[in-house]
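Single-structure report; data block below.
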Amino acid sequence: MSSIDLLRFNTSGSVDDGKSTLIGRLLYDSKSLMEDQIEALERSADITGGGQINLANLTDGLRAEREQGITIDVAYRYFATPRRKFIIADTPGHVQYTRNMVTGASTANLSIVLVDARAGVIEQSRRHTAIASLLQIPHVIVAVNKMDLVDWSEARFNEIRDEF
Amino acid sequence: MPTDYHIDHLQHLESEAIHIMREVAGEFERPALLFSGGKDSICLLRLAEKAFRPSDIPMPFLNVDTGHHFPELNEFRDRRAKELGGKLIVRKVEDAIAKGIAVPAPGEISRNKLQIPTLLAAIDEFRFDACIGGARRDEEKARAKERFFSFRDSFGQWDPKNQRPELWNLYNGRLNEGENMRIFPLSNWTEMDVWQYIKREKLEVPSIYFSHRRTCVRRHGQWLPVTDILPPRAGERVEEVTVRVRTIGDIISTGCVESPATNYDDIIAEIAAARVTERGSRADDKASEAAMEDRKKQGYF
């Protein structure tokens with residue numbers, strides 16, 4: 001049997017910076033979503049309103065999370081490519097759930113800190129980066145998200161990069 | 001096997017699970033290992049062997065028999081427990097109903113929910129403080145939220161909104177009287193990992209995981225096995241089909257999948273190409289979006 005590596009990573013950053021949605025998108029694009037999961041998403045579209053599929057519902061597995069549209073506790077998802085197997089921890093952004101964020105981040109080899117391009121580097125971005133550093137996570141990626149909402153402004157991107 | 005010091009993903013998952021097995025033996029006084037004879041618990045037994053041999057496995061095996069099990073599964077369960085020299089405790093839903101521990105709702109045929117009081121009564125009877133189960137996070141989205149060490153209060157209930165921190169490989173086993181812990185060493189395993197491990201370790205599995213001929217009835221887009229407890233209804237299509245089971249629940253709720261798979265490699269290839277999840281063939285999970293979460297809160301695995 002061929003030898004496959006394992007990469008464990010987590011997504012962090014503030015509430016609504018798009019952590020769960022990023023994971024949903026990764027799973028969707030890597031064709032890791034099964035037909036019955038997509039069907040379940042379509043069924044749950046009515047709960048969160050709008051009638052649109054909400055990719056965040058993939059990892060927000062608790063009823064309270066779906067109703068409130070927030071992540072309370074860490075959810076783990078799995079996908080694989082021919083070269084690598086991935087374990088993703090989708091960690092909560094609210095400050096009162098930081099202990100759950102730490103739980104998910106503690107076993108990660110890589111941490112993705114998401115930053116909303118409109119809000120820039122805020123308290124939670126810094127807190128989660130500091131936690132990643134405390135936990136000695138070997139790799140950190142800062143991802144500037146929601147660039148479409150700042151009209152893909154390169155100046156805004158560079159500003160956030162410099163601030164970080 | 002690799003000859004260098006590189007650890008591949010199966011070895012990584014294996015060592016994580018063995019560590020947890022030993023933690024359970026070290027931290028708890030009366031642990032039990034839930035063994036149904038299904039593929040996940042077959043892996044648990046091999047991990048227990050690796051964790052504790054040449055000593056005896058320091059915990060009994062426990063199974064809640066719904067009375068609706070596949071006979072092939074129970075035969076395998078009893079034989080495997082004997083081969084390993086383990087003590088197998090079986091508690092039956094029927095007995096729990098007779099004693100008034102489990103009360104079926106009017107017209108309720110499924111034994112799925114009735115497993116919960118039966119299991120809780122067994123935990124009470126033997127005063128188990130920890131139960132190891134083969135549940136995996138990839139199976140279902142409520143399970144994706146659960147810790148390796150999942151705390152249950154004195155009513156056996158899970159509080160998903162108030163789980164304990166669980167950092168690195170440190171597990172908090174602190175309990176008060178009457179509380180217990182559910183422990184899931186296979187949390188990070190996927191269906192694919194389980195089959196790759198079964199293949200690597202050359203583990204025997206019940207024959208129903210492989211392709212066989214079975215009389216089934218077509219219902220809700222699935223092939224359900226025809227038995228005394230699940231007779232076909234008027235107008236339903238009954239056929240002899242070549243099927244296998246992908247996940248094993250009760251015989252009345254387990255959809256069989258049409259498959260020619262006769263060995264491990266066939267199954268692995270089939271899973272790689274699958275477009276629906278394993279649990280897609282389990283009627284008990286389709287009851288509602290929070291079906292699993294609700295059952296777990298009541299004490300289900």
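Proteins get letters first, then strands, A, B, ... in listed order; numbering begins at 1 in each.
Contact annotation for B:Glu16: only side-chain heavy atoms (C-beta onward) come within less than 4.5 Å of a heavy atom of chain A. Residue A:Leu7 does not touch chain B at all, counting heavy-atom pairs closer than 4.5 Å. Within the 4.5 angstrom heavy-atom criterion, atoms from both the backbone and the side chain of B:Asn162 approach chain A. Both the backbone and the side chain of A:Leu62 come within contact range of chain B, each with at least one heavy atom under 4.5 Å from a heavy atom of that chain. Of the atoms belonging to A:Gln37, it is side-chain heavy atoms, and not backbone ones, that fall under 4.5 Å from chain B. Contact of A:Thr71 with chain B is made through the side chain alone, with heavy-atom distances under 4.5 Å.
In this structure, B:Arg164 forms a cation-pi arrangement with B:Phe151, its terminal cationic atom sitting closer than 6.0 Å to the ring centre and no more than 45° off the ring axis. Within the cation-pi definition used here (under 6.0 Å to the ring centroid, within 45° of the axis), B:Arg137 qualifies as a partner of A:Tyr76.
The choice from B:Asn188, B:Leu13, B:Asn169 that makes the most heavy-atom pairs within less than 4.5 Å of chain A is B:Asn188. Of the listed residues (A:Arg77, A:Arg84, A:Glu65), the one with the most heavy-atom contacts under 4.5 Å to chain B is A:Glu65. In terms of heavy-atom pairs under 4.5 Å with chain B, the best-connected choice from A:Ile72, A:Leu33, A:Val74 is A:Val74.
A:Asp73 is listed as a side-chain neighbour of B:Arg147, based on a closest heavy-atom distance under 4.5 Å.
Scanning all heavy atoms of the two residues, the minimum distance from B:Glu27 to B:Tyr171 falls at OE2-O, 3.1 Å.
Other residues, nucleotides and ligands place more than 12 heavy atoms under 6.0 Å from the CD atom of A:Glu163.
The ring of B:Trp158 has its center no closer than 6.0 angstrom to the ring center of B:Tyr300. A ring-centre distance under 6.0 Å is not found for B:Phe184 and B:Phe148.
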